Enquirer: 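Take a look at the following structure, please.
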Amino acid sequence: MKHLTDEEIMLEIADGKLDLLTILFDRYHVRIYNFFNKMVHNKMVSEDLTQDVFLKVIKYKASYKNGNFAAWIFTIARNIFSTYYQKTKKERTNEIDDDLLGSNETAVSESKQEELDHLQRALLKLKSSERELIVMHRFQEIKYDQIAQIIGSSENAVKVKTHRALKKLKEIYFQI
Amino acid sequence: MKCTDIQHKFTGFLNKSLSEVANSEVKEHLKSCTNCNKELEEMKSFLAVLDSQEMETPSANLRDNFNKMLAQEIETATPKVIQLKPQQDWISYLKVAASIVIIIGAFLFGKHQSNITQIASVKNENQKQVLALLENSSASKRILGVSDAEEFTKKDTKIIEALINRLFFDKNANVRLAAAETLSKFSSEIIVRDALIKSLETDENSSVQIELIQILAKIQEKRAIESMQKLLKNEETPLYVKQQVELNLPSLL
């Protein structure tokens, strides 16, 4: 079974062989987890959301129609992120006003870890739609045409938007 | 070619994924433009940082939970079938039927009972939560409590009393404002009406005053006429509050 492509395995799963999901879990869970962790920067939440993705794969297995599997599973991940984001947004707005947290920005970094933290902070300052483009394109190395498929846009639009997001991130990175 | 057009191509240029024409366009431009050279250098060093990011490994919990979830899904997808031996004599059928009736009866009765207590306890729980919110030290939490209180009925006197308390004593004007608004929904209660009138006489914040004037006019509370006229006569009342009174007073007369 290990030599099958993602797509072939997913078709078997859709056919009822649920135990094969283990193989897809092995192939994808680290990527999906890292996608969430870059988006929300919280390990516990990212693990929960990753688990949700695989649960949804089972629930919606019948809707899988032989397309690119990576694009399909990232579409699910993205929907789960957006539900999570909407839910926490309400809670966030309730906390503004008098419960403002002090900002904990620090000076420009020196060591490697600090550099990474610094990047993560910059990343969190982007809009989530921009952040997800960078995460998918740079970190997950998903091709432009697949991203276009995932977010329902054209390849050219994705190229332009990713470039803009990257430029914006760079500016934030050198500013803060 | 403008600089922005060239800079758009930088990521492709650095990845070496540009067409030959575009590639030489960028090179040509870079020969003469210091600004773009600087931008290219920045982008290069930034992408180096970006691409040095490594994948993190999730904790073992993730795999454990996944395995549990999968096992559960497989189990529900393939329910076990247990064959019952066909019973021959009718007495045994009757016995089985009778015991089923008793069990279902007992279950339904129990369920009914527990539903009643459950509903009551959920309600109690909600009330406690809202009351706690109303006393929270954060103003935004108190406002949240005030708006949650709308869902209660006028029988929940504790909630109404807590709201009136907010209207009179909260130091934050926005909380008082929200309390007034929520209280207007309970305006059939006489204590609520009294409270609204009283607070029009005492509250010094003009936006709270305006809200109260509007509410009192809407619920047609004629006893408020006196305090409204007082506001009109008072020299310290801001002009726009007076205007609000003049606007609403005729509907009460």
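Numbered from 1 within each chain, the chains take letters A, B, ... in sequence-line order. Computed from a prediction, not measured in an experiment: that's the story for all the values here.
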Enquirer: Does atom NZ of B:Lys198 have more than 12 heavy-atom neighbours, drawn from other residues, nucleotides or ligands, at distances under 6.0 Å?
Expert: no
Enquirer: State whether the number of non-hydrogen atoms from other residues, nucleotides or ligands found under 6.0 Å of B:Phe168 atom CZ is greater than 12.
Expert: yes
Enquirer: Check whether any side-chain heavy atom of B:Asn61 sits under 4.5 Å from a side-chain heavy atom of A:Gln51, and report yes or no.
Expert: no
Enquirer: Keeping A:Asn34 on the side-chain end and B:Met55 on the backbone end, is there a donor-acceptor pair under 3.5 Å?
Expert: no
Enquirer: Looking at B:Lys185, I want to see if its NZ is surrounded by more than 12 non-hydrogen atoms of other residues, nucleotides or ligands under 6.0 Å.
Expert: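 For B:Lys185, atom NZ is crowded (more than 12 foreign heavy atoms under 6.0 Å).
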Enquirer: Could you grab the distance from atom NZ of A:Lys170 to atom CE of B:Met43, nearest 0.5 Å is fine?
Expert: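 That separation rounds to 5.5 Å.
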Enquirer: Write down the atom of B:Pro58, the atom of A:Glu47, and the distance for their closest heavy-atom approach.
Expert: C-OE2, 3.8 Å
Enquirer: Under a 4.5 Å heavy-atom cutoff, which of A:Val160, A:Leu169, A:Thr162, A:Leu123 has the most pairs with chain B?
Expert: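 Option with the greatest count: A:Leu169.
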Enquirer: Nearest 0.5 angstrom please: A:Phe174 CZ to B:Ser45 OG, how far?
Expert: 4.0 Å
Enquirer: Look up atom CD in B:Glu56 and atom NZ in A:Lys43, then write down how far apart they are to the nearest 0.5 Å.
Expert: 4.0 Å
Enquirer: Report, in residue-number order, which members of residues 65-73 of chain B are under 4.5 Å from chain A by heavy-atom distance.
Expert: B:Asn65, B:Phe66, B:Met69, B:Leu70, B:Glu73
Enquirer: Between atom CG of A:Leu21 and atom CD1 of B:Ile74, what is the distance when rounded to the nearest 0.5 Å?
Expert: 8.5 Å
Enquirer: Drop me the distance from A:Lys167's NZ to B:Phe46's CZ, to the nearest 0.5 angstrom.
Expert: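 Here the interatomic distance stands at 12.0 Å.
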Enquirer: Supply the atom-to-atom distance B:Thr57 OG1 to A:Tyr33 OH, rounded to the nearest 0.5 angstrom.
Expert: 8.0 Å
Enquirer: Does A:Lys143 NZ have over 12 foreign heavy atoms under 6.0 Å away?
Expert: no
Enquirer: Does B:Leu47 reach the side chain of A:Leu166, with side-chain heavy atoms less than 4.5 Å apart?
Expert: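 Touching, per the 4.5 Å side-chain cut-off.
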